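Nothing here was measured: the structure is a model prediction, and the numbers come from that model.
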Amino acid sequence: MAGGKRTKRKILAAFGVVSALALVISGCSSSSQPAETSNDAGATGGALVIGVTSEPDTLFPWKATQFQAVNVLQNIYGTLTEFDQNLEVVPGLAESWDTSDDGLTVTLHLREGVTFTDGSTFGSEDVKYSLEAMMDEATAAVGAASLSSVDEVEATDENTVTLTMSAPDSSLFANLAPINMAMLSSDDTEEALNTTPNGTGAFELSDRKPSQSLTLARNDSYWGEAAKLDSVEFRIIPDESSIVSAMQSGNVQLATFDDALVAQTAEAANLTVAKTPQLNYHVLQLKATDGPLADVNVRLAIQCAVDRQQVLDTAAMGEGEVTGPITAPAYESDPSSRPCPERDLDKAADYLNKAGLSDGVTINTIVSQGEYSTSVNEAQNLKAQLAEANINIELEVLESGSYVDRWVAGDFEAAVALNGGRPDPDGSYSRYFTSTGNLNKVAGYSSPELDQLFAEGRETSDVEKRKEIYTEISNNLEENAPWIWLFTSYSYTATTSNVTGFTPMANGSLQFLRETSLA
Amino acid sequence: MIHRLFANRIFRRILASLGTLLGVAIVVFVMLRAIPGDQITAGLGTEAAALTPDQRAALEAYYGLDKPLVVQFFSWLGNIFTGNLGFSARSQMGVGAMIAQSLPVTLELAIFSIVLALVVGVPLGMMSASKPDSARDAAGQVVGLAGLSIPAFLLATALVSLLSSAFGFNPNGQAYAGLFTNPALNLKQMLLPSVVLGFGIAAPIMRTTRTAVLEIRSQDFIRTAKAKGVGPRRIQLKHVLRNALVPITTMTGLQFGYLLGGAVVVEQIFSLPGIGRQVLLGIQQKEYAVVQSTVLMIALFFVIVNLLTDILYRIIDPRVRAE
């Protein structure tokens, strides 16, 4: 048995070596860590690290719709107009603009002394090139529809651009602000910009490690006030709870989350968490084109049978606000202005009777699995609530790829969806609810009255008048119930205590990184 | 004579492996196309509904989706033989270069995990087998059971949040450091993921060792050796362990092969830019070239590891060689 003892001793020794090694390695870490994270801070503005779950899917701004890509490109490129923190339109690369009395000629006065990061000067030729390329279908620019009322672009002189319009369009200026309407240099090609962005923004790309990180450096020749930070690194940490841990240990200083649960963990970890209401809205889309849903009474029955607060409470832990159609702060709908502001099962039964469906009705509903965290819970709560009103919704839970395919093709009776809102209500809804809108197939509803109202809204530049028109549109949508609007949720911005000057925005934009610094 | 038989067998194995790889290529290609959605809808999401037919056609041409599937398959396969593994539109890099970056990360992780698993699993298995049904056997078995039943994601998440909140130790929150650019940080970053993975693999290795040792100890040649007066230590190392190495090697090889492709969860949680995460991202983004070529490379390594295991246990055990 002596041999056995010796083996045992060897095993023990092996364990000893391994644990000693572990101790040495972890020992190194705790001593060297603070030095690695706190350098550069202070007078120079510092190097901020933002934790993101995935990397941008493109660096070409005209094709960017993914959140991560938009957030990065927002800081590299410039647009003709911008949004301030209240989502009001403010000058960007266009310093001012005039619209002719008939609304058919728009003159943009460009900011002077703006340069791209490659040193070339920004001017009217670049604007003409950019707008025309976006309007060309071969470019496949996702924002092309924003320019649908522009007939012709003319570079009048070096700093003036004249747009000839087919119809007045007062939403044009808000539609020019998103980053997929970025102004590119007329000398650039998509191929070149895919690897080497060349913008007019407050930062420029300095380093990119695929699936690891993307780093921006301050653009010292930015036309506005130069950014305070020396650099911003978007570090890819795929797991959200790992981002929270990375923030706790000081490796990451800023992150945004959509999931209320993760935000709670961050709060519990002593991070500062700011809640920002989002423009995006959760909705049950009903396709009013055929089947039982073509009858407005059935749609209204559904509207009356849903308690929205209950959906919000059960699916999203109450983290959000019940909403009407328009979420843009300046035009916000009153969520109680609808046929059934509160759940009313008697009224729902009346509507079903009117539709001749007092025995009940069955509606197939598509739900995406994994696209956003609350989808399936929302669907299940809606199913339970509607069942009490004799409305049976059959849930078809789809992997997000199949869901998007079906949704894009308009191949559904009803869909539980999270749709993107925009700061201008025309941008949000004319594409869905006008008969020629490019997403009308998906919405499945339009009417001559809505066509007329949307046209009026575009023609009017008077803000008060526009508010009246969009309130009318909002009421029209509620009374015809093509969709059942549910709620808007929050986005959560977590920061470590040394981050100052960052303002989160309702459209999720990180444009205020240019005013952020590390203390 | 033995050598020629051996070489023949290896040659046949290589041929069979090539067939396997072709099979993998076809299956991956077909399965990827069977998943709903393409690169365009993966990138644009529901915004893809706003594309006009001309815009969609322009995008399909850009991603090469406008060609018939058979043409896509053979042009991909043909390109691979010329060393061109395809291009990732997302990261604007060749897939070959991406694999060259991510494979070493996973390889390093796999080696550390296996070493850790062997260092823990083999002694533990021998300890358990030394006195079956004793308290020490039970202790070993419990450790083995824990390794098998605790999911890697749970252990990983627990370790990350515990160590970072209690001790501020979270090297994986820092930018990934290469083994040769910053060895100290690299080793720190590899520590926890290797522990998580190694713990999971230690369990099957421990069980294999225990079973093998028990079985071998009951065989005639051990009794003969004992009768001839060979000391217990010599029996344990020279006879028992050497023979037990055959199943252990097989198990280790198999686990190593799985690790190359299967470290996805751990790479995701510890944000290691390895090959598993690359496949996962590729699937999410429907980047066909990335997924196809990377999976094929993983299959290739699996095949190579299996082949090496085969050769290795022929060296360890002359009886297998003679078959």
* Asked: Just checking, any donor-acceptor pair under 3.5 angstrom between side chains of B/E47 and A/T65?
  -> no

Rounded to the nearest 0.5 Å, how far does [atom2] of [Y] lie from [atom1] of [X]?
X	Y	atom1	atom2	value
A/S249	B/F169	OG	CZ	10.0 Å
B/R90	A/N194	CZ	CG	13.0 Å
A/R208	B/S91	CZ	OG	6.5 Å
B/Q284	A/D57	CD	CG	11.5 Å
B/I35	A/D405	CD1	CG	11.5 Å
B/L51	A/L439	CG	CG	9.5 Å

* To do: Run the numbers on B/L59 and A/K63 for side chain to side chain contact (heavy atoms under 4.5 Å, CB included), then give the verdict.
  => CA-CA 10 Å; B/L59 283 173; A/K63 286 188 181 143; 3.5 Å; yes

Heavy-atom pair count under 4.5 Å with chain B, highest-scoring of [options]:
options	result
A/S213, A/S211, A/A417	A/S211
A/V404, A/V49, A/N419	A/V404
A/A246, A/P238, A/A69, A/G401	A/P238
A/R235, A/E240, A/Q248	A/R235

* Asked: Looking at B/A49, B/A48, B/A42, B/S161, which makes the most heavy-atom pairs under 4.5 Å with chain A?
  ->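 Looking at each of B/A49, B/A48, B/A42, B/S161 in turn, B/A49 comes out on top.
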
* Asked: Listed by chain and number, what are the side-chain contact (heavy atoms from CB on, under 4.5 Å) partners of A/S368, not counting sequence neighbours?
  -> A/E371, A/Y372, A/S375, A/Y403

* Asked: Looking only at heavy atoms, which two atoms of B/M93 and A/P210 are closest? And how far apart?
  -> SD-CG, 3.1 Å

* What is the minimum heavy-atom distance between B/A58 and A/E137, and which atoms define it? ->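 Heavy atoms only, the tightest pair is CB-O, 4.3 Å.
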
Per-pair distances, 0.1 Å, donor-acceptor, side chain in residues 114-129 of chain B, under 3.5 Å, sequence neighbours excluded:
{"from": "B/S128", "atom 1": "OG", "to": "B/D137", "atom 2": "O", "distance (Å)": "3.3"}
{"from": "B/S128", "atom 1": "OG", "to": "B/D137", "atom 2": "OD1", "distance (Å)": "3.2"}

* Examine whether an atom of A/R406 lies under 4.5 Å from a heavy atom of chain B, and if so say whether it belongs to the side chain, the backbone or both; otherwise answer neither. => neither

* At a heavy-atom separation under 4.5 Å, does A/I236 approach chain B through its side chain, its backbone, both, or neither? -> both

* Test item: A/N251 side-chain N/O and B/N170 main-chain N/O as donor-acceptor pair under 3.5 Å ->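 Pair found, side chain donor or acceptor close to backbone of B/N170.
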
* For A/S241 and B/T157, what are the C-alpha separation, side-chain angles and deciding distance, and is it a side chain to side chain contact (heavy atoms under 4.5 Å, CB included)? -> CA-CA 8 Å; A/S241 52; B/T157 316; 4.0 Å; yes

Using heavy-atom distances under 4.5 Å, tell me whether [X] contacts chain A through its side chain, its backbone, both, or neither.
X	value
B/R277	side chain
B/L281	side chain
B/Q268	both

* So does A/D411 have more than 12 non-hydrogen atoms from other groups sitting under 6.0 Å from CG? -> yes

